[in-house]
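Note: hydrogens, waters and symmetry copies are ignored here, and every other heavy atom, side chains too, is used.
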Amino acid sequence: MGQSSFPNFYPDDVTRLLYDWEIAPAEKKRFLQKLIAARIPWQLSLEEALDEVPDPYLRVQARSMLPDLTRHRLRHSFYKLTLRGNTGHYKDLEETVVQLSNIGFPNQNYNQIKNELDRIALRISELYDDHSTYLTEELKVQILCQVLFQEEGFVGNIQNYNDPGNSYIFQVMKSRLGIPITLSVVYLLVGQRLGLPLYGTNLPLHFLLQYESEGYFTYIDPFHGGVLLDKFTCEKFLEANGYPNSPKYFTKASTLSIIKRMCRNLIHIYRDKQSKEMENTLKEYLQILESRSTHVE
């Protein structure tokens with residue numbers, strides 16, 4: 001059985017499914033497309049994967065179904081997320097934000113995103129080592145924010161807040177501009193590489209982060225350059241915007257809740273821009289995320 005250079009991807013398996021799709025009756029073709037999409041690791045672009053199919057005729061056939069495969073793969077990824085539910089970890093955050101980003105940037109290269117996140121995490125890790133003799137939890141947070149804001153330039157896109165690109169991780173990694181939740185995701189993905197106790201906080205109107213170690217706690221606002229906040233300031237923000245001071249606004253956000261909020265943001269953006277097709281596409285994916293009993297169609 002042929003195996004690609006990418007672990008857990010077997011072009012021969014996809015080739016067999018493509019052959020089955022070619023000769024299958026019409027009512028079975030859609031099911032086979034779902035199987036093909038599920039067999040390709042999310043880290044690989046569909047184009048890369050299909051280029052490894054040895055049969056040139058089947059390669060051409062596979063390329064013709066790229067839009068359907070993209071849709072099936074994203075639905076599969078989101079459906080898996082609903083089955084896991086509101087877990088206390090972010091192991092699936094990278095996969096799902098990359099898959100969501102495929103909606104706006106179908107030709108994105110995951111390796112570009114991964115390499116950038118790895119590089120930034122390595123830079124922070126080296127600074128931690130440089131300050132190891134007096135590295136407190138507070139200093140860890142300060143170094144994290146210093147690198148991501150001052151060195152890398154991640155900051156809120158105040159000038160063009162409603163640009164859809166602010167909600168897609170691929171564009172945020174390129175432009176260094178985003179909205180609170182996507183910038184927070186960048187911090188979370190870097191923090192995950194460093195083993196930091198960093199969590200999302202679903203504050204209304206303005207997504208934040210919280211850093212919670214045994215001896216140190218703070219809120220972080222990546223949109224405003226990683227400024228550190230106390231709970232009193234967050235409560236005053238809620239009060240000023242007409243929200244009650246409720247513990248539910250300060251709970252740790254799961255991957256599922258983060259992706260739901262990102263989809264809702266995009267729905268509002270595309271509605272404002274009168275982009276009905278994109279609005280409906282995002283609504284379809286949000287329906288999957290909002291129902292634990294959803295079956296993949």
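- Tested against L177, the residues I158, L183, V155 include a single side chain to side chain contact (heavy atoms under 4.5 Å, CB included) partner, V155.
- With salt bridges taken as basic N to acidic carboxylate O contacts below 4.0 Å, none links D55 and R59.
- Between the CG atom of L46 and the CD1 atom of I40 there is a distance of 5.0 Å, given to the nearest 0.5 Å.
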Report the C-alpha separation of H206 and D221 in whole Å, then their side-chain angles, then the decisive distance to 0.1 Å, and conclude whether the side-chain hydrogen bond (donor to acceptor under 3.5 Å, both in side chains) test is met.
-> CA-CA 9 Å; H206 199 89; D221 182 1; 2.9 Å; yes
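- Between K283 and L266 there is no side-chain heavy-atom pair separated by less than 4.5 Å.
- Using cut-offs of 30° and 60° for the angle between ring planes, the Y168 and Y270 rings count as tilted.
- With rounding to the nearest 0.5 Å, the separation of CD1 in I103 from CD in E284 is 9.0 Å.
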Passes side chain to side chain contact (heavy atoms under 4.5 Å, CB included), F217 versus Y211? Steps please.
-> CA-CA 5 Å; F217 183 94; Y211 185 99; over 6 Å; no
Worked verdict on H72 versus L74 for side chain to side chain contact (heavy atoms under 4.5 Å, CB included) | CA-CA 6 Å; H72 288 313; L74 197 145; over 6 Å; no
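- L208 is not listed as a side-chain neighbour of I220, based on a closest heavy-atom distance of 4.5 Å or more.
- With respect to I259, the side chain to side chain contact (heavy atoms under 4.5 Å, CB included) criterion is satisfied by exactly one of T96, V185, D92: T96.
- Residue pairs satisfying the ring-ring contact (aromatic ring centres under 6.0 Å, His included) criterion with at least one member in residues 26-67, sequence neighbours excluded, are listed as follows: W42-Y110.
- Applying the salt bridge (Lys or Arg N to Asp or Glu O under 4.0 Å) test between E152 and each of R176, K174, R123 identifies R176 as the sole match.
- For the pair K231 and Y219, the NZ or CZ position fails the cation-pi test of under 6.0 Å to the six-membered ring centre and within 45 degrees of the ring normal.
- Across all their heavy atoms, N162 and K273 have their closest contact at O-CE, 3.3 Å.
- For the pair A62 and L69, the tightest heavy-atom approach, listed with the atom from each and the gap, is O-CD1, 4.2 Å.
- S291 contributes no side-chain N or O that, together with a main-chain N or O of I288, makes up a donor-acceptor pair within less than 3.5 Å.
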Got a list of side-chain donor-acceptor pairs under 3.5 Å for residues 195-203, not counting sequence neighbours?
{"residue": "T201", "atom": "OG1", "partner": "Q210", "partner atom": "NE2", "Å": "3.0"}
{"residue": "N202", "atom": "OD1", "partner": "R261", "partner atom": "NH1", "Å": "2.9"}
{"residue": "N202", "atom": "ND2", "partner": "S257", "partner atom": "OG", "Å": "3.4"}

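- Linking ILVMFWY residues whenever their side-chain heavy atoms come closer than 4.5 Å, directly or via other members, places Y243 and L229 in the same cluster.
- Using a 4.5 Å cut-off on side-chain heavy atoms (C-beta onward), S101 and Q171 make no contact.
- Under the salt bridge (charged side-chain N to carboxylate O under 4.0 Å, His left out) criterion, K252 pairs with E212, not counting sequence neighbours.
- Enclosure of atom NZ in K28 is not indicated, since only 12 or fewer non-hydrogen atoms of other residues, nucleotides or ligands lie within 6.0 angstrom.
- Formation of a donor-acceptor pair under 3.5 Å by the E48 side chain with backbone atoms of S45 is found in this model.
- In this structure, OH on Y90 lies 9.5 Å from CD on Q192, to the nearest 0.5 angstrom.
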Verdict with reasoning, D68 to K29, per salt bridge (Lys or Arg N to Asp or Glu O under 4.0 Å) | CA-CA 11 Å; D68 289 330; K29 286 184 181 292; over 6 Å; no
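- The shortest distance between side-chain heavy atoms of Y79 and L289 does not fall below 4.5 Å.
- T182 contributes a side-chain N or O that, together with a main-chain N or O of N166, makes up a donor-acceptor pair within less than 3.5 Å.
- Partners of E94 according to the salt bridge (charged side-chain N to carboxylate O under 4.0 Å, His left out) rule, which considers only residues two or more places apart in sequence or in another chain, are R193.
- With F223 as the partner, the ring-ring contact (aromatic ring centres under 6.0 Å, His included) test is satisfied by one option alone out of Y161, F207, F154: Y161.
- Across F237 and P204, no two heavy atoms sit closer than the pair CE2-O, 3.4 Å.
- When atom types are taken as modelled, the side chain of S246 and the backbone of Y249 share no donor-acceptor pair closer than 3.5 angstrom.
- Residues satisfying the salt bridge (charged side-chain N to carboxylate O under 4.0 Å, His left out) test with K140, not counting sequence neighbours, are E137.
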Just do the side-chain hydrogen bond (donor to acceptor under 3.5 Å, both in side chains) check on D230 and T233 with the steps written out, would you?
-> CA-CA 6 Å; D230 56 23; T233 303; 2.7 Å; yes
Q112 vs F170, side chain to side chain contact (heavy atoms under 4.5 Å, CB included): CA-CA, chis, key distance, verdict | CA-CA 9 Å; Q112 292 178 10; F170 180 68; 3.6 Å; yes
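- You'll find the ring centres of H131 and Y128 outside the 6.0 Å limit.
- A distance of 14.0 Å separates NZ of K260 from CG of N265, quoted to the nearest 0.5 Å.
- By the 4.5 Å heavy-atom criterion applied to side chains, Y285 and R71 are counted as neighbours.
- Nearest heavy-atom pair across P11 and E52 is CB-O, 3.5 Å.
- A distance-only check finds no donor-acceptor pair linking the side chain of S77 to the backbone of R73 [under 3.5 Å].
- Residues P54 and D12 come closest through the heavy atom pair CG-OD1, 4.5 Å.
- A 4.5 Å side-chain heavy-atom check between M173 and L117 finds at least one atom pair inside the cut-off.
- Contact between P222 and Y187 at its shortest, heavy atoms only, is CB-CE1, 3.4 Å.
- Applying the salt bridge (charged side-chain N to carboxylate O under 4.0 Å, His left out) rule to pairs touching residues 239-251 yields K236-E239, sequence neighbours excluded.
- Rounded to the nearest 0.5 Å, atoms CD (E126) and CD1 (I143) are 12.0 Å apart.
- A 4.5 Å side-chain heavy-atom check between L93 and E95 finds every atom pair outside the cut-off.
- The distance from the CG atom of L32 to the CZ atom of R16 is 13.0 Å, given to the nearest 0.5 Å.
- Hydrophobic clustering places V98 together with L81 (ILVMFWY residues linked when any side-chain heavy atoms are closer than 4.5 Å, directly or through intermediates).
- Note on F250 and L256: separate hydrophobic clusters, where clusters join Ile, Leu, Val, Met, Phe, Trp and Tyr whose side-chain heavy atoms are under 4.5 Å apart, directly or indirectly.
- In this structure, L100 and I169 have side chains that are not in contact, with every pair of non-hydrogen atoms separated by 4.5 Å or more.
- There is a path of hydrophobic side-chain contacts, each under 4.5 Å, that joins V190 to L139.
- Note on L205 and I181: separate hydrophobic clusters, where clusters join Ile, Leu, Val, Met, Phe, Trp and Tyr whose side-chain heavy atoms are under 4.5 Å apart, directly or indirectly.
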